[in-house]
Amino acid sequence: NHKLILHWFFNLLCLLLQRTDTLTPPAPENAHSIRLDGDIILGGLFPVHSRGERGAPCGELKKEKGIHRLEAMLFALDLINKDPDLLPNVTLGARILDTCSRDTYALEQSLTFVQALIERDSTDVRCASGEQPIFAKPDKIIGVIGAAASSVSIMVANVLRLFKIPQISYASTAPELSDNTRYDFFSRVVPPDSYQAQAMLDIVTAMGWNYVSTLASEGNYGESGVEAFVQISRETGGVCIAQSLKIPREPRLGEFDKIILRLLETPNARAVVMFANEDDIRRVLEAAKRNNQTGHFLWVGSDSWGSKISPVVQQESVAEGAITILPKRVSIEAFDRYFKSRSLSNNRRNVWFAEFWEENFGCKLGMHGKRPGSPKKCTGLEKVGRDSTYEQEGKVQFVMDAVYAMAHALHRMHRDLCLGYPGLCPRMSNIDGKELLGYIRNVSFNGSAKTLVVFNENGDAPGRYDIYQYQITNRSAEYRIIGHWTDQLHLNMNAMQWASGDSSVPASVCSLPCQTGERKKVVKGVPCCWHCERCEGYHYQASEFTCQLCPYEQRPDQNRTGCQPIPIIKLEWYSPWAVAPVFIAILGILATTFVVVTFVRHNDTPIVRASGREMSYVLLTGIFLCYVITFPMIAAPGLAVCSFRRIFLGLGMCFSYAALLTKTNRIHRIFEQGKRSVAAPRFISPASQLVITFSLISVQLMGVFVWFVADPPHTVVDYGEQRTQDPENARGVLKCDISDLSLICSLGYSILLMVTCTVYAIKTRGVPETFNEAKPIGFTMYTTCIIWLAFIPIFFGTAQSAERMYIQTATLTVSLSLSASVSLGMLYMPKVYIIILHPEQNVPKRKRSFKAIVTAATMTNKLSQLASERPNGEVKTELCESVDNSTPSTKTTYVSYTNHAI
């Protein structure tokens, strides 16, 4: 099968050769090629002319990419042939062809290299005389230098590998050529586009551009380069492709304007990564200028743009700021001296030099010149660099390195095979291409730029690039080196300059970066486009794409990039919510102290004794504690403060209402007993009253003790009380661990005593005013009930308020103080008033028996019933008569049950 395929291919080659012979117009031999004699002949492929239009194979002359590179090969051959240490006694010759920047044309031209390896069947060919013809033996090409374009190299490589002819390219960078299974005889002294694509992606990333378009010339170089860039960008992430456009091989009229308009469909993608040939780059810039898009696009050009002048001539403004990449190179001064010394007289070996001369100096050489319209005639005395601008083309170094790589491989082969034999030995008379390839892959030498020239297993050179930017200054426009790439990017951002001299990097992003505290909500299918969503509430920006909830005791910081502890507050003494309760408490303590001091100083006076001294002091103690509890309720929570709160919160009320309950119960029992008999009830003595009172108080103390054991006092920070919607206002409240239920239980017993006392006050409301304190106690309890009925909705109704701590503390302390104030004001202030201001009334009254007291109370009840049954006049008459009959004296003001023998 392999033999059949080879046979078929050879036949096809023969047909192509015949076709080439018939299509080529009559011309002198080698008119379209350069031939240099030598012991070993190397082939050369150079784009001397651009691609032709309207069916023409070739177009205009390429001065730099064509002539400079071609002359670089000739110069390198001269140096090698003169070097006594490299291939001594061996002369290298050359057969150099023009590819006309077209792969199909280059394929036809490259068949010249394999003619010597194809045996022609001349059995059917006879001369006119009938003799057998004699064919000129073609040169045997042992290796090829070229080509420039990747598409051309691919075409040629497919042919050369069949004949085992090694090929070293000086400019082809398509990643496809790294496939050693398909292009095993191909090597290159420039790095592949996979390195270049990585370098260009690093540039785009360093610029902060994450939304770019790509533009490729149709063919292997452009398409493979863009494919490598897209592939690496997908693997790496962070860069999205807005559009990926292709320039047709044969563009129609207006094609480049359409490309510019399509690029404008994604205006945010200002950066355009270009893998295009020199001609396409120039026409793209022209179209951008025609469409008034100067300064809009941010061009990122591959090595096909590099630092060339031709693409930007007359397009300086639209090309300003373009970033280009070029394999690291230096200008070869020896080549500059060589090329500037070339003239029409000393460079006849270059068949295209005359055309270059006309193009370079803008003149015409005789009647057969290539520039018929030029009015100026060439003198032949013009000088390159003096009468014309000159700048060494960027690939000159690599052309020389490619020739030297072939020479070094041949030198080592000669050393190994000829063993010191001068000139070519018989073993090298027929060089094996596969063996030569092995020597090529193993060369290692310092090239023309003093950089190491080596090849990897795929025939690729290491990646070393210079990064350029096209900048316009006041004096001129030029390419400036702004960095380099050797496995990683090194970029001098300060050396960069953009349109209008601005040093800030323009943007090419789909979406602007989110602000701190915002997460990215990526658009489906376009990872570089997103919407920014703020992390609301108690969420913070955990990553670029997520918001997370802060721990319960923390809130987002100002930037919402992390969490910080929520500030802890407590009720401060200077707070208005504390000042008012403290003021009332201080007044109450002073008033209570004044009453106690007054009672102590007048302890044996009738009023004090009639009030029941023992029970009065117990009641005053409770009133004092009700005022004092304000201070631990406002003080900073701690173990001691929380303990005091638990103990004294309900104790003051318990003291007060236990004493009042005992009093009202005593009054009730006395008069209830009097209705049945004249005997006094039991347990109405002062000692009995104290025992009953402290028994009631002990229940409260026992409950507090159980509370201490079951749940020891401690402080807590309540973050839920002031957890507002705006985290900035959130606060943690330092408080004692006293829940609302615990508070109700602590005050519940005291409230029960208060309610019971109120019931007894209602039952004893019929007792005459002259008998002890029944009515003042009643009014006290009614008022107290109103206070605590108002307390309940205020206290529990503010449970959801942000000011809960302040309102509830103030409400509780003020309610306790008001309760104490009511008791103090209604029960003791009238007595203090008489003791201090009317001491004449503080005198002993006559004693009355228990029977008289009960009789008087019974009569009073009856009179009350009559008052409700009779008209006002009758009632008044009967009331007066009854009082006169039953009570001889109405002067008695204070009656103490303790003054009677009961």
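Just so you know, these numbers come straight off a predicted model, no measurement behind them. Position 1 is the first residue of the sequence; numbering continues from there.
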Problem set entry | Polar side chain donor-acceptor pair, Thr693 to Thr662, under 3.5 angstrom | yes

For this session: Consider only side-chain N and O atoms of Tyr657 and Thr756, and report whether a donor and an acceptor are under 3.5 Å apart.
Result: no

For this session: Return the orientation label for the Phe648 and Phe644 ring planes: parallel under 30°, perpendicular over 60°, tilted otherwise.
Result: parallel

Atom of [X], atom of [Y] and distance for their closest heavy-atom approach:
{"X": "Gly208", "Y": "Val509", "result": "O-CG1, 3.5 Å"}
{"X": "Ala585", "Y": "Phe631", "result": "CB-CE1, 4.2 Å"}
{"X": "Pro776", "Y": "Met826", "result": "CB-O, 3.8 Å"}
{"X": "Gly517", "Y": "Arg560", "result": "CA-CB, 3.6 Å"}
{"X": "Val628", "Y": "Pro632", "result": "O-CD, 3.1 Å"}

For this session: Using only the SG atoms, establish whether Cys528 and Cys510 come within less than 2.5 Å of one another.
Result: no

With a cut-off of 6.0 Å (strictly less than), are more than 12 heavy atoms of other residues, nucleotides or ligands near [atom1] of [X]?
{"X": "Glu728", "atom1": "CD", "value": "yes"}
{"X": "Leu512", "atom1": "CG", "value": "no"}
{"X": "Arg534", "atom1": "CZ", "value": "yes"}
{"X": "Gln515", "atom1": "CD", "value": "no"}
{"X": "Tyr833", "atom1": "OH", "value": "no"}

Quick one: does [X]'s side chain get under 4.5 Å of [Y]'s, heavy atoms only?
{"X": "Leu812", "Y": "Leu649", "answer": "yes"}
{"X": "Trp788", "Y": "Leu816", "answer": "yes"}
{"X": "Val608", "Y": "Ile835", "answer": "yes"}
{"X": "Thr621", "Y": "Val596", "answer": "no"}
{"X": "Pro830", "Y": "Ile834", "answer": "no"}

Check whether [X] reaches the backbone of [Y] with its side chain - one donor and one acceptor, N or O, closer than 3.5 Å.
{"X": "Thr813", "Y": "Ala810", "result": "yes"}
{"X": "Arg731", "Y": "Pro567", "result": "no"}
{"X": "Ser821", "Y": "Ser817", "result": "yes"}
{"X": "Ser750", "Y": "Gly650", "result": "yes"}
{"X": "Thr715", "Y": "Pro637", "result": "no"}
{"X": "Tyr627", "Y": "Leu587", "result": "no"}
{"X": "Asp557", "Y": "Gly562", "result": "yes"}
{"X": "Gln541", "Y": "Arg519", "result": "no"}

For this session: List for me each residue that meets side-chain hydrogen bond (donor to acceptor under 3.5 Å, both in side chains) alongside Glu544, sequence neighbours excluded, and say none if there are none.
Result: Lys520

For this session: List the steps and the verdict of disulfide bond (SG atoms under 2.5 Å apart) for Cys547 and Cys535.
Result: CA-CA 6 Å; Cys547 294; Cys535 297; 1.8 Å; yes

Problem set entry | Worked check of side-chain contact (heavy atoms from CB on, under 4.5 Å) between Ile566 and Val717 | CA-CA 10 Å; Ile566 294 177; Val717 179; over 6 Å; no

Exercise. Is there a side-chain contact (heavy atoms from CB on, under 4.5 Å) between Tyr617 and Leu690 once you walk through the steps?
Worked result: CA-CA 11 Å; Tyr617 290 135; Leu690 288 175; over 6 Å; no

N/O donor to acceptor pairs below 3.5 angstrom from side-chain atoms of residues 699-708, sequence neighbours left out:
unit_1, atom_1, unit_2, atom_2, d
Gln700, NE2, Ser746, O, 3.3

Sequence neighbours left out, cut at 3.5 Å: what donor-acceptor pairs do the side chains of residues 572-583 make with other protein atoms?
unit_1, atom_1, unit_2, atom_2, d
Glu572, OE1, Lys570, NZ, 3.2
Glu572, OE2, Lys570, NZ, 3.1
Ser575, OG, Trp577, N, 3.2

For this session: List the steps, then state whether side-chain contact (heavy atoms from CB on, under 4.5 Å) holds for Ser616 with Lys663.
Result: CA-CA 10 Å; Ser616 292; Lys663 277 192 174 188; 4.0 Å; yes

For this session: Start with the C-alpha gap between Phe594 and Ile836, add the side-chain angles, then the distance that decides, and say whether side-chain contact (heavy atoms from CB on, under 4.5 Å) holds.
Result: CA-CA 11 Å; Phe594 179 74; Ile836 295 176; 3.3 Å; yes

